[in-house]
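Numbering starts at 1 and runs along the sequence shown. The basis for the numbers below is simple: all heavy atoms, side chains too, and nothing from hydrogens, waters or symmetry mates. Start at 1 and go down the list; that is how both ligands and their atoms are numbered.
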Amino acid sequence: MTITELLDKKTLRFLLFGGKGGVGKTSNAAATAIWTAEHGRETLVISTDPAHSLGDSFALNLSGGEVKAIRGVKNLYGLEIDPRKAFAAYKEMTQQQQKQQQAPEFAGMESMLGLGDVGDITAPGADEALAFSKVLEFIQECKYDLVIFDTAPTGHTLRLLGLPEMLDSFFGKLIKLRLRFGNVFGRLKSVLGRGDAEPDHSLEELEKLKKTIASARTELSDPNRTSFVIVMIPEAMVVAETERLLQALYEYEIPSSHIIINQIYPERPDCTFCRARREMQQKYLEQIRDIYDDFTLTEVPLFPTEVRGLPSLRRLGTLLATGTLPKSGERT
Ligand SMILES: Nc1ncnc2c1ncn2[C@@H]1O[C@H](COP(=O)(O)OP(=O)(O)O)[C@@H](O)[C@H]1O
Ligand SMILES: [Mg+2]
């Protein structure tokens, strides 16, 4: 069994790859993207891992936070999200609010109104998290046939998945604050001689962002349109982390039905070391097959060399999509 049935689904728009660090998320996301692009679907592959390695996997420079065509693959585009850029855009947008909240005459007003936690967004990690609002825009607009996400290691991805909910309530509070007290703030400001003549569009901006979040949530929880593929290797610590990831996917209602088990040691009777590793892995493989019997499992061998650059990614893509590994140098 492979992820073919998933890729065959014509309604599929969003494919997310996630799991522990180093298991092969980027390689499998990039390989799948090449396959779908070369089989007629215009594909965008996005890295949301702040420690980007997507460009490295394609042996291309994808930095800069802009969508770039992947040289050598028709129909394929790549993007490494730049959290700093997204954060700057956010700051500009909410500048009006921040000015008001920070003015000394309004100090303490938010907490008086029970809105004290609106400042949460500047908490550590928020810059990375805000990059996700950029991702949400892509989800809402979706100009591509398929958007593939190469996500960060589990902990960070979980924060990201919970973000629509967090942003939703955060922006909801800001909007309420503006609606209820906007005029009062305005009058106070003019009394205190701080009025500025510039029209304030931040309320519309916030409303727009809230809509974007709501529609992204709907998209991401629709099993016809979205699937989260878990990548793992057959080792104890990874099995435990996969459980946590699955729990969170369930909580956030993100559909997941496929697991890629990567880097499986091949049979090498002549190599004592390989035999020992293989035996260890096979034990966990049995457990995984047992625990996840309602998932489709795709098994990928450990290759003798790293998976990097178009030829090796293309071979991995073919294996993922068809279950057959083409010979080295063979085009499919
Ligand atoms: N099946 C495999 N066989 C051999 N090397 C692999 C395989 N899958 C991934 N790799 C290599 O392992 C390293 C980590 O893979 P990567 O896809 O970057 O993981 P992640 O994105 O989960 O951190 C890379 O050097 C990659 O080339
Ligand atoms: Mg990676």
Side-chain angles (χ1 to χ4, degrees), residues 2-3 15-35 44-63 70 78-83 128 131-132 135 148-161 228-235 237-242 244-246 256 258-268 271 273-274 277-278 280-282 284-285 288 297-328:
T2 67
I3 59 171
L15 197 55
L16 295 89
F17 287 81
K20 199 176 182 326
V23 293
K25 297 178 293 299
T26 303
S27 311
N28 282 283
T32 305
I34 293 178
W35 171 270
L44 172 68
V45 54
I46 300 184
S47 163
T48 64
D49 188 346
H52 296 296
S53 70
L54 186 64
D56 195 35
S57 181
F58 283 113
L60 283 176
N61 179 4
L62 287 183
S63 63
I70 305 283
L79 169 68
E80 289 178 344
I81 294 276
D82 184 343
E128 291 160 11
F132 201 53
V135 172
I148 295 182
F149 292 93
D150 166 26
T151 75
T154 315
H156 186 270
T157 297
L158 297 188
R159 280 217 307 272
L160 228 60
L161 293 179
F228 194 110
V229 176
I230 292 169
V231 186
M232 64 189 296
I233 52 176
E235 285 170 25
M237 279 166 63
V238 178
V239 174
E241 193 160 320
T242 301
R244 278 203 298 280
L245 177 57
L246 273 171
S256 181
H258 285 69
I259 297 177
I260 292 173
I261 311 169
N262 194 23
Q263 303 184 19
I264 301 178
Y265 266 74
E267 239 176 317
R268 285 276 309 276
C271 160
F273 173 82
C274 313
R277 294 288 303 187
R278 185 172 162 85
M280 180 273 294
Q281 284 197 340
Q282 289 297 316
Y284 290 112
L285 207 52
I288 293 166
L297 307 180
T298 302
E299 297 181 15
V300 176
L302 175 72
F303 297 113
T305 56
E306 61 177 358
V307 185
R308 186 170 181 263
L310 295 186
S312 59
L313 286 173
R314 211 173 252 130
R315 289 182 77 227
L316 175 57
T318 305
L319 172 66
L320 291 173
T322 67
T324 309
L325 188 65
K327 289 194 182 70
S328 239

Chemist: Any side-chain heavy atom of N28 within less than 4.5 Å of one from V229?
Modeler: no
Chemist: Short list, please: which atoms of ligand 1 are under 4.0 Å from a heavy atom of G24?
Modeler: 15 (O), 16 (P), 17 (O), 19 (O), 20 (P), 22 (O)
Chemist: Within ligand 1, which atoms have a heavy atom of G22 less than 4.0 Å away?
Modeler: 14 (C), 19 (O), 20 (P), 22 (O), 23 (O)
Chemist: Do V23 and Q263 have side chains that approach each other closer than 4.5 Å (heavy atoms only, starting at C-beta)?
Modeler: no
Chemist: Would you mind reporting whether S256 and L246 have side-chain heavy atoms less than 4.5 Å apart?
Modeler: yes
Chemist: When you measure from the side chain of S57 to the backbone N and O of S27, does any donor-acceptor pair fall under 3.5 Å?
Modeler: no
Chemist: Does some side-chain heavy atom of T324 sit less than 4.5 Å from a side-chain heavy atom of T318?
Modeler: no
Chemist: Using a strict cut-off of 4.0 Å, indicate which atoms of ligand 1 neighbour a heavy atom of L302.
Modeler: 3 (N), 4 (C)
Chemist: Keeping waters out of it, list the protein N, O or S atoms under 2.8 Å from the Mg ion (ligand 2).
Modeler: T26 OG1
Chemist: Going by the atom numbers of ligand 1, which of them fall below 4.0 Å from some non-hydrogen atom of N262?
Modeler: 1 (N), 2 (C), 7 (C), 8 (N), 9 (C)
Chemist: Would you indicate whether the side-chain heavy atoms of E235 and Q281 approach each other to under 4.5 Å?
Modeler: yes
Chemist: Does the protein place a non-hydrogen atom closer than 4.0 angstrom to atom 13 (C) of ligand 1?
Modeler: no
Chemist: With only distance considered, is T26 within less than 3.5 Å of ligand 1 through an N or O on each side?
Modeler: yes
Chemist: Hey, is the main chain of M232 close enough, under 3.5 Å, to the side chain of K20 for a donor-acceptor pair?
Modeler: no
Chemist: Tell me: protein heavy atom nearest atom 4 (C) of ligand 1, and distance?
Modeler: F303 N, 3.4 Å
Chemist: Compare all side-chain heavy atoms of V231 with those of N262 and state whether any distance is below 4.5 angstrom.
Modeler: yes
Chemist: Please report which non-hydrogen protein atom sits nearest to atom 10 (N) of ligand 1, along with the residue it belongs to and the distance in Å to one decimal place.
Modeler: Q263 NE2, 3.9 Å
Chemist: Looking at side-chain heavy atoms only, is the closest gap between F17 and I260 below 4.5 Å?
Modeler: yes
Chemist: Counting only heavy atoms, tell me which of S27, P301, G309 gets closest to atom 9 (C) of ligand 1.
Modeler: S27
Chemist: Give me the residue, atom name and distance of the protein heavy atom closest to atom 6 (C) of ligand 1.
Modeler: V307 CG2, 3.7 Å
Chemist: Where do L62 and I70 land on the side chain to side chain contact (heavy atoms under 4.5 Å, CB included) test, with the steps shown first?
Modeler: CA-CA 9 Å; L62 287 183; I70 305 283; 4.0 Å; yes
Chemist: With heavy-atom distances below 4.5 Å as the criterion, would you say the side chains of L325 and F303 are in contact?
Modeler: yes
Chemist: Just going by heavy-atom distances, which of T151, T305, I264, L316 is nearest to atom 5 (N) of ligand 1?
Modeler: T305
